[in-house]
Number of protein chains: 2
Amino acid sequence: MPFSYEYPRPSLAVDCAVMGFDEGDLKVLLIQRGIEPFKGKWALPGGFVRMDESLDAAARRELAEETGLTNVFLEQLYTFGEVRRDPRGRTVSVAYFALVKLGKQKVAAATDAARADWFSAAKTPALAFDHNQILEMALLRLRNKVRYVPIGFELLPERFTLTQLQHLYESILGRDLDKRNFRKKALALDVLEATKDHEQGVSHRAARLYRFDEEKYAKLVKKGFNFEL
Amino acid sequence: MPFSYEYPRPSLAVDCAVMGFDEGDLKVLLIQRGIEPFKGKWALPGGFVRMDESLDAAARRELAEETGLTNVFLEQLYTFGEVRRDPRGRTVSVAYFALVKLGKQKVAAATDAARADWFSAAKTPALAFDHNQILEMALLRLRNKVRYVPIGFELLPERFTLTQLQHLYESILGRDLDKRNFRKKALALDVLEATKDHEQGVSHRAARLYRFDEEKYAKLVKKGFNFEL
DNA sequence: CCAAAAGTGTTTCACTTACACCCATGA
DNA sequence: TCATGGGTGTAAGTGAAACACTTTTGG
């Protein structure tokens, strides 16, 4: 500790596991690396932390720079610090977990990324660095967290049908849920607000659209409630 | 990214929130800083990460150096990276969460620590850096985690009575539990092995000693079970 | 009128909670 | 023999899971 500031320091990076939901399928956003090492390989978006920005800020900046995404749900996941995880030299990476409402935002590759694209979370290619491990942990976190915190709504458009919500949960949890029980429970939580509108352009009975009510949810949290789907 | 290795780098530290349980009370291990900054103030044990060691290894090393503790339960907690959290300059700290079986190990201050001592977790002094915040997060993690992972046993001696176990849970969760229900549930989980022995030297009926059965637990985990106390 | 998904209640079972007394031991 | 904590069972209530048919709409 006394001479700490003379010590050599590891490089410090952030990497983001960005997840979205589309067509009943959980997706992950990957970029194709435009530079060495691992040039041409797919990887999580990320980059180095600057001296004048917090870790969260670095994650948001890199995400915007490499993929064009802003205003996403972002939370710290885990810090990866094995000695040889980066061939360039000692690099510690703070991994982030991000959720985006797909369809709204277009992704666009930029800076060091040759391309950016969505992959089905179930079948991602072999990634650069230890990014497969990071991604695995992110998916695990999503599965665990979605059971007691309503983050699922971060993955849906502002208005959605109960069937969409159910399919989202099914694909995150990896198992089928009973329709009646699911709807009963979702509505009983009292955080969904029914709108007057219904989905459009389907060739069958149109489902009612619901909206997640942040205020009701905040009140419930205060009361020390117990969310669980 | 391209010029990353020319960028200035933050310092990288680890800090450990070490918790123990003694006399029915949850404790935290603090060191009194022997050097600036915050000389004389209490803080979490920790120090800088070396280039040739992983983050976990750094946490273990610092813990051993500053407090003499080895073989503790250790898991990464969260990484703190606000720009001005260390007056010496930009420093990012990977915080760890540690549990020790008290009574077995003596703590002894060393290196940069003037003293090391156990404090009741409920009433800790104002700490150096953002360590109060780290500690708070560690206690929160313990409260949440203890509900679905049997880490409570990391805080008890190898053999313990059911009443000790109950008091541990009560002090972590911050509320009283019903004796009969607690015992029923604890035994129903089928991870406790009754020994033939009883506690000694008490002036009332001596309670039976139990042991946590790691193997049974591992088997249950494999079967995808559901621990909860 | 057919296909396709929306929408809706009841019963059963398991688990949680509340609750009070006798037992064993050492002083 | 008294004080102290150890140890035990049952009943009521609450929440989870299983399960099938009618309704609406567009083609």
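Here is how names work: the chains are called A, B, and so on, in the same order as the sequence lines, proteins then strands, and each is numbered from 1. Fair warning: this is a prediction, and the values are worked out from it, not measured in the lab.
Minimum interatomic distance between Val92(A) and Arg85(A) (heavy atoms only, all atoms of both residues): C-NH1, 4.1 Å. Shown here for Ala128(B) and Arg33(B), the closest heavy-atom pair between the two residues is CB-CD, 3.9 Å.
Listed by first then second residue, pairs satisfying side-chain hydrogen bond (donor to acceptor under 3.5 Å, both in side chains) with a partner in residues 145-157 of chain B read Glu75(B)-Lys145(B), not counting sequence neighbours. Sorted by first and then second residue, the salt bridge (charged side-chain N to carboxylate O under 4.0 Å, His left out) pairs involving residues 164-188 of chain B (not counting sequence neighbours) form an empty list. For residues 205-219 of chain B, every residue pair satisfying the salt bridge (charged side-chain N to carboxylate O under 4.0 Å, His left out) rule, not counting sequence neighbours, is listed here: Glu158(B)-Arg211(B), Asp190(B)-Lys216(B), Glu193(B)-Arg211(B).
A heavy-atom distance below 4.0 Å to DNA chain C is reached by none of the residues of residues 187-199 of chain A.
Remark: Tyr169(B) pairs with Phe182(B) by the ring-ring contact (aromatic ring centres under 6.0 Å, His included) rule, at least two apart or across chains. In this structure Asp22(B) satisfies the salt bridge (Lys or Arg N to Asp or Glu O under 4.0 Å) test with no other residue, sequence neighbours excluded. Here Leu220(B) pairs with Val191(B), Phe225(B) under the side chain to side chain contact (heavy atoms under 4.5 Å, CB included) rule; sequence neighbours left out. A search for side chain to side chain contact (heavy atoms under 4.5 Å, CB included) contacts involving Thr161(A) returns Thr163(A), Gln164(A), Glu199(A), Ala207(A), Leu209(A), not counting sequence neighbours. For Arg159(A), the salt bridge (Lys or Arg N to Asp or Glu O under 4.0 Å) test picks out Asp197(A), with sequence neighbours left out.
Among the heavy atoms of the strands lying under 4.0 Å from Arg208(B) are primed sugar atoms or P, OP1, OP2 only; no base atom is included. Among the atoms of the strands shown, only primed sugar atoms or phosphate atoms (P, OP1, OP2) are found under 4.0 Å from some heavy atom of Thr163(A).
Put simply, chain A comes within 4.0 Å of DNA chain D, heavy atom to any atom, from dA16(D) to dG27(D), going 5' to 3'.
One axis for each end of the helix from dC1(C)-dG27(D) to dA27(C)-dT1(D), each built from five base pairs, and the angle between them comes to 0° at 10° resolution.
In this structure, Leu162(A) places its CG atom 9 Å from P of dA6(C), rounding to the nearest Å.
The aromatic rings of Tyr217(B) and Phe212(B) lie tilted to each other, with the angle between the two planes from 30° to 60°. Classified by interplanar angle (parallel below 30°, tilted 30° to 60°, perpendicular above 60°), the ring pair Phe129(B)/His131(B) is tilted.
Remark: Glu82(A) CD is loosely packed, at most 12 non-hydrogen atoms of other residues, nucleotides or ligands lying under 6.0 Å away.
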(request) Sugar-phosphate atoms are those with a prime plus P, OP1 and OP2; base atoms are the rest. Using that split, label each nucleotide of nucleotides 17-27 of chain C B, S or - for protein heavy atoms under 4.0 Å, 5' to 3'. (result) BBBB--BBBSS

